[in-house]
Each structure stands twice: as C-alpha cells, then as structure tokens.
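Contents: one structure, followed by commentary.
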2 protein chains.
Amino acid sequence: MAGAEWESLEQCLEKNLPLADLREVKRILYGKETRELHLPSGAFEAASKGDFELRGYGFEAAEEQQRRPRIVRVGLVQNRTPLPTDTPVVKQVTALHRRIEAITEVAATCGVNIICFQEAWTMPFAFCTRERLPWTEFAESAEDGPTIRFCQELARKHDMVVVSPILERDAEHGDVLWNTAVVISNSGAVLGKTRKNHIPRVGDFNESTYYMEGNLGHPVFQTQFGRIAVNICYGRHHPLNWLMYSINGAEIIFNPSATVGALSESLWPIEARNAAIANHCFTCAINRVGEERFPNEFTSGDGKKAHRDFGYFYGSSYVAAPDGSRTPGLSRNRDGLLVTELDLNLCRQVNDIWGFKMTGRYKMYARELTEAVKPNYSPNIMKE
Amino acid sequence: MAGAEWESLEQCLEKNLPLADLREVKRILYGKETRELHLPSGAFEAASKGDFELRGYGFEAAEEQQRRPRIVRVGLVQNRTPLPTDTPVVKQVTALHRRIEAITEVAATCGVNIICFQEAWTMPFAFCTRERLPWTEFAESAEDGPTIRFCQELARKHDMVVVSPILERDAEHGDVLWNTAVVISNSGAVLGKTRKNHIPRVGDFNESTYYMEGNLGHPVFQTQFGRIAVNICYGRHHPLNWLMYSINGAEIIFNPSATVGALSESLWPIEARNAAIANHCFTCAINRVGEERFPNEFTSGDGKKAHRDFGYFYGSSYVAAPDGSRTPGLSRNRDGLLVTELDLNLCRQVNDIWGFKMTGRYKMYARELTEAVKPNYSPNIMKE
C-alpha cells in the first residue's frame, strides 16, 4: 500500500509523461478534458495560509435555445481531524467547526453555491473501536443540534447550500443513532435529511454496532441551484442506490465517505464515476485524509495484532460528469477544497444522447427483483 | 480522438514511469497486481505468425479448507473483419470462421476452457447504414446455423465452452432478428442462448432498425467450468442488467461489444470493472478492432457530412475481478487473444468480505422500482 507521502496519480502522470502521451492517457483515463477554473488569487493565498489545497475545474455543456445554462459551483471539502481523538469531545467538535468555517470562507470567495463536507465530519471515524463512549457523544440532533445551527449560519452568511453529514441522534424515535446528511438551504432553513442506506460490515467498518440502514428512502432536495441527493459512503458500492436517487430527479449526487487505502483505493476512481455515467448526473466523491489513532487498541478481524490506528484515509476527492469525464482528484494527503463549476444542462443533454433511462427497462427489473427476493426463488440457470 | 497508432495506455505507462511510481500508479488504476501467466512458446510463435497479440494473466484467490481452487482459463478474442464489407456474404463469413478457428487453436494450446468472441462476430457492424441488404443475410439460426455448427466443432475438438455472439434469425417466431449469444458446452451441445437486453439508439448505433430488446431475461449457463452469463454490448451501461445475471448466479459475465473511440473510450475501463466490483464476479469486456468502411455512404445524426466509415473500434479487451483488480487491456489496434486464469473461489471470498448481496436491500428496491415505473409516480423531492 502506498504511504501517505505519494501525493497523487495526476501529479505523477503530469511529471513523467511526454505531452502527446499525457493527452492520450488523460483522454482514456478522464474523458473530455475539464478546463481549469479561474479562482481569485486571494483564495489561493488564504488556502496556502490555511494549509489546504485549493483546485478549480469546470465542465462544459452545449448551448441550448430553450434553456439558459444552469451554472452551479460545488465545493467538496476533505480534511483530517485536527485534534487527537482523546481530546474532550466539545474541543474536537469546536476545532472541526473552526476548520470548516475557514475552508467555507474560501469557498465563498470562489463563488461556491453548494458545499458538502465529508462523512461524519464532526468526529473521528471511531466506529472501528466498537466502544460506545465517548464516540456516541458526538451524535446530535439533525434538526437543531449545534452543528446544524453552525451550518445554518454558514448557509445564511454565504448564501450557500450546505450538505452536512453527521452522526445523528434521533431523540424522538427511541434515541437511536443514524448516519445522516442534513441539507440546509442557502436561506438557512433545514431542507431535510437523508440517511445512509447501506451499512458496511467490512473489517474495521462494521458500523452496525452504532446505527442501522436508513429508513428515509431516496429523497432528493430541490435547492435554488439544482436538485441534489446524498449517497453516503458504502452506498456507493450499490448501483441501485445511485439509481433511485437519479430516478427521483437528482442532478448532483454527493458521496461523502470515509475509506482507507488498503481497502478501497483502487475502487475509488471507478464507482462514483460509473454512477455519473449510468445515471446521467454529476457525482461528487469525498473522502477524508490522514490517520486517526485511538486511545484503546482494537482488532480488525484480519488476523493481525491489536493496534490503535485505522489506516490511511487517502483523500482523492473528485467530481464526475454525466459524459464520463471527471476532474483530477485532490491530493491523497492534504486537506483540500475542490471547486467545480457544472452546467446542469449537461445531464439532460447526455440523457438525450445515451438514453439509459429510456432504454432501462425498469419495469422488467422491478418484476425480476420482486421475484428474486422471494425465499423460494429459483434462479434462471440453464444446464446441459 | 486518438488515432489507431497509439497502442495502449499500459504500454505508455510502462515506457515512461519510473518503477516506484509505476507500481503506485498501477495499484491505484488496476488494483492488486495480476501475475503474468506462463503460456507455451509455441503459442506465441503461432500468434506472431498469425499476426495477433497474445497475452496471459492470472488472478489469485486464497486457499480454502472446504473447497479446492476452481481454476478456469477464459479466452477473449478481439479482431477486425478481414475482408472488405462489399465482399459476398459467404466469403466474409468464411474468412471470419477461418480467422477465429486459428485463434481458437492457439487458445486451446494455452489451456483455455471458455472462449468468447466479440459481438456479432461473423459480420461487419453494419447497423449504422440502416440498409437491410446484404446485412440481414448474415443472420442465422441460433440452434443449427452454419456458425453454430462451426462452433460446436470447435467446442468438441478443444473441449472448450464457446460463447458465440451472432445476429440471429428466429424463423419460428415471425422470422425476426435478434442480437444473440449462443453458449455451446464443451461437449458440443448447444446449452442455450441469451439475447441483448438493452438496445442502443445512439448515433450510428440505432440497432433497433434491425432487432429489439431481448425477451429471454437473464439466463445463466451452468458449464463444467463454472456459471457464466453474457451481457451483450450496450447492456454494460445498465447496472441492473449485470445485477440480474449475478443474482441468477453468474460467476463470470462476458460483455462482447462493438464500440468506437469517440463515443465510449473513456467509459470502457469503468463500466465492466464496476460491474465486477458491485456483483462479486468476474467480467470480461471484449471489443472489436479496426475500421469498417461501407459501400454506400450514411449519416450519423451528428451534423457531419455523409461518410462511409464507422470510426475506430479500439479493442482494449480486459478482464476484471471481484476484488476490483483487472488485467491490462489488449492493444487498441491489433487482433488479439487474452488468456486469463481465474480462481472462481475469489467470487465468494470477496462476497464474504464486502457483502454487497447481504447489504443490498433488494426488497426495498423492488418496491421502489415498482412504484417508480407507474405513470403517475411522484418522485420523492423535498422543497423549501
């Protein structure tokens, strides 16, 4: 597995390949080239001072006669947890609020309309420990918890839609926890919430110790800047999850995640991008960065000795477009803000070319799936 | 768009990257390294003499106590149509039979157990012309047409399962045409057929001029070497198509295709590989190579002038494994045979780690899809 020091695939290719080859390699790997976005120099200075990476890219769409361009800027934030995991809970949360506040400030100067933070962004990804305290103390209300109030202020101040993935405590329904993303309108109002639909039971990621599969279906949020949805982390492995958000009308699907190198790094460039292609929409893949060490040791179900660290979150956040093109990734090892300008008209334009919805035969699949889940289902197998 | 002369992504990376970087790049792009397969030197000589590329790779699985390794060698064949498209039909078919016979001969010496040819392999991909004659004369019976009889001989002679994608004429049901793959057991018996489930209406690929969406569902074929299915060409864009083959038990899904560079080359490495990941199975992506020119000019619905050529089929056939790793691709411009050794035990091993079937919530999706296809369906959209 690559160490933290290896910065990014893109940087390596740019450095080593002759220009003509680089063009071909990028065409095959990334599709149609995304243009670099002009961002204010003050933003780069602030990013440099704040020690985070800032990148900007833009996707183009064709001009139409009946619709104006529907230009939206999305901001993807990836970051490490700044304080050790044994710092008091409130201090950790506050430090993360301050960090995100600073990055969002820069996003605002870059004209970002919709910003999305990483999965469970107010806490270390402590679910590997299977201990309850203090981790469950990071949970808060998705309606009026301190993080939601904090995000409402950000939204109002910057006229920005905020997607805030948190650990939710649902006091009105038996005090259970959920892995939730709250969507806050640029007006500051809570537009609604959506919950992680698929919960992993993989190595350090048996999160069902803490929360179960979401019960809110596949809501899509109509914002002033377009229709968005949130497919949280492990849901990216499930093509049907992306599909249902798309069927409900999502033009941008965010995928806030927390995933480590040894487990998933070679899957990372594939899955969100495939979803953008298959569903004629934009997808935004966000992963945290850095290593997190925990006070007590834990085992990982992999035959290895008990340990305190969780592997390396490899960042590499990116945006993929419905035409299969994608931005380069943010780095593997630094906090970062990826600003991407989308013309949402591209979704329908690609839909009208490729027609996956028209040719999708969903009625047949609804029928086949309905049969297939029956306990006495007999698979269609032909034998000699 | 890249010309035909640019051979392959892998070749370019191998040539230009320092070794340590190359290792990291390959890890991120291709996952766990596939080992090179030792193939007989006579096979390479025959391939060189026959002017086609020969490559061999192997995927590993862990040892188990209760099951022996289930080692299978699959052969993927990509080729150009050797004769001009205005040659008499029988001559074109015969030339393709001879070409495939020679490549299959080499596959046999490499120990291939299951071989799959490209989509509609007995003909040029003439559907762009929208003319009926002579192209419909390439259609034949999937039960006892000359190509099926030819494949039965190959199967018996080499003790090999043969997957033969053809243009089918269904004389018993109104003489209609289908885009079909026939699966022939290594005994020589026709095990059954499967039809292209999703038909494109994209630029030069409005194949619904000739045949409609398949009516055979998602059959899986139990062969002596494992359970296989065939997702023909455009079906690779539809995640539900892969899923249903997998739910019916497929361990290897072949994707015989015909697709050109300007349209799809940046999607090609993504889709079949994503399907291998999402469904815990092996997928085999096969594309033809070369340019095909037609006697009469045709337009492509792209605002460009009438022309006689069809763009460049870019080959690049590859195999992806359930753990997300993949082989390098065959070249973009040469006929080729890709021999890949699989241990089918890897499917269940990855399933037991990642658990996408267990966590897939298919019952919820069956219900949601059933609702979503109703004409009066109201999408789940939350507004302020």
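Because the structure is a prediction, the values reported are computed rather than measured. In what follows, chains are A, B, ... by sequence order, proteins preceding strands, each numbered from 1.
- At a threshold of 4.0 Å, the pair A/Glu265-B/Arg27 counts as salt-bridged, since one of the basic side-chain nitrogens sits closer than that to a carboxylate oxygen.
- For the options A/Lys383, A/Lys32, A/Met358, A/His238, heavy-atom pairs under 4.5 Å to chain B are most numerous at A/His238.
- Of the residues considered (B/Lys15, B/Lys363, B/Arg23, B/Glu368), B/Glu368 shows the highest number of contacts with chain A, using heavy-atom pairs under 4.5 Å.
- Side-chain atoms of B/Glu24 and A/Cys12, non-hydrogen and from C-beta on, never get closer than 4.5 Å to each other.
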Ring pair (Phe, Tyr, Trp, His ring centres under 6.0 Å) between B/Tyr377 and A/Tyr362, worked out: CA-CA 13 Å; B/Tyr377 176 63; A/Tyr362 301 129; over 10 Å; no
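- Interface remark: B/Asn279 contributes no atoms to any contact with chain A (heavy atom separation under 4.5 Å).
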Would A/Leu29 and B/Leu29 count as a side chain to side chain contact (heavy atoms under 4.5 Å, CB included) here? Give the steps. CA-CA 9 Å; A/Leu29 287 183; B/Leu29 286 183; 3.9 Å; yes
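- Neither the backbone nor the side chain of B/Phe205 comes within contact range of chain A; no heavy atoms are under 4.5 Å apart.
- Residue B/Leu243 holds its CG atom at 6.0 Å from CG of A/Leu369, rounded to the nearest 0.5 Å.
- Shown here is B/Glu33, whose CD atom has no more than 12 heavy atoms of other residues, nucleotides or ligands within 6.0 Å.
- B/Asn248 places a side-chain N or O within donor-acceptor distance of the main-chain N or O of A/Asn380, the cut-off being under 3.5 Å.
- Between A/Trp354 and B/Leu263, the shortest heavy-atom contact is CZ2-O, 3.5 Å.
- Contact annotation for A/Ile381: both backbone and side-chain heavy atoms come within less than 4.5 Å of a heavy atom of chain B.
- B/His218 pairs by the ring pair (Phe, Tyr, Trp, His ring centres under 6.0 Å) definition with A/Tyr365, B/Tyr245, not counting sequence neighbours.
- In this structure, chain A has heavy atoms under 4.5 Å from both the backbone and the side chain of B/His237.
- Interface remark: B/Ile199 contributes backbone atoms only to the contact with chain A (heavy atom separation under 4.5 Å).
- Remark: A/Arg326 pairs with A/Glu10 by the salt bridge (charged side-chain N to carboxylate O under 4.0 Å, His left out) rule, at least two apart or across chains.
- In this structure, the side chains of A/Met382 and B/Val220 stay at 4.5 Å or more apart for every pair of heavy atoms.
- If you check the side chains of B/Tyr30 and A/Ser266, you find no donor sitting under 3.5 Å from an acceptor.
- When the candidates B/Leu191, B/Val373, B/Asn274, B/Val183 are compared by the number of heavy-atom contacts under 4.5 Å with chain A, B/Asn274 comes out ahead.
- Your options are B/Gly360, B/Ala250, B/Ser185, B/Gly355, and the one with the most heavy-atom pairs under 4.5 Å with chain A is B/Gly360.
- In this structure, the portions of B/Val202 lying under 4.5 Å from any heavy atom of chain A include both its backbone and its side chain.
- Atom-to-atom distance recorded for B/Asp352:CG and A/Arg201:CZ is 14.5 Å, nearest 0.5 angstrom.
- Taking A/Gly214, A/Gly192, A/Gly249, A/Ala20 one by one and counting their heavy-atom pairs under 4.5 Å with chain B, the maximum is reached by A/Gly214.
- The side chain to side chain contact (heavy atoms under 4.5 Å, CB included) test with B/Asn16 is passed by exactly one of A/Val25, A/Leu13, A/Asp21: A/Asp21.
- Contacts of B/Tyr314 with chain A are absent, with no heavy-atom separation under 4.5 Å from either backbone or side chain.
- Both the backbone and the side chain of B/Pro219 come within contact range of chain A, each with at least one heavy atom under 4.5 Å from a heavy atom of that chain.
- For a heavy-atom cut-off of 4.5 Å, chain B lies close to A/Gln222, A/Arg227 in residues 222-230 of chain A.
- For B/Leu240, the parts sitting under 4.5 Å from any heavy atom of chain A are the backbone and the side chain alike.
- Both the backbone and the side chain of B/Asn197 come within contact range of chain A, judged by heavy atoms closer than 4.5 Å.
- Taking A/Tyr211 as the reference, A/Phe127 meet the ring pair (Phe, Tyr, Trp, His ring centres under 6.0 Å) condition, with sequence neighbours excluded.
- Side-chain atoms of B/Arg361 do not come within 3.5 Å of backbone N or O of A/His198 as any donor-acceptor pair.
- With a threshold of 4.5 angstrom between heavy atoms, B/Ile270 approaches chain A through its backbone and through its side chain.
- Contact of the A/Glu213 side chain with the B/Met364 side chain is not registered, since no non-hydrogen atoms from C-beta on lie closer than 4.5 Å.
- Between chain A and the residues B/Phe356, B/Trp268, B/Phe221, the most heavy-atom pairs under 4.5 angstrom are made by B/Phe356.
- Rounded to the nearest 0.5 Å, atoms CG (A/Asp323) and CG (B/Leu267) are 8.5 Å apart.
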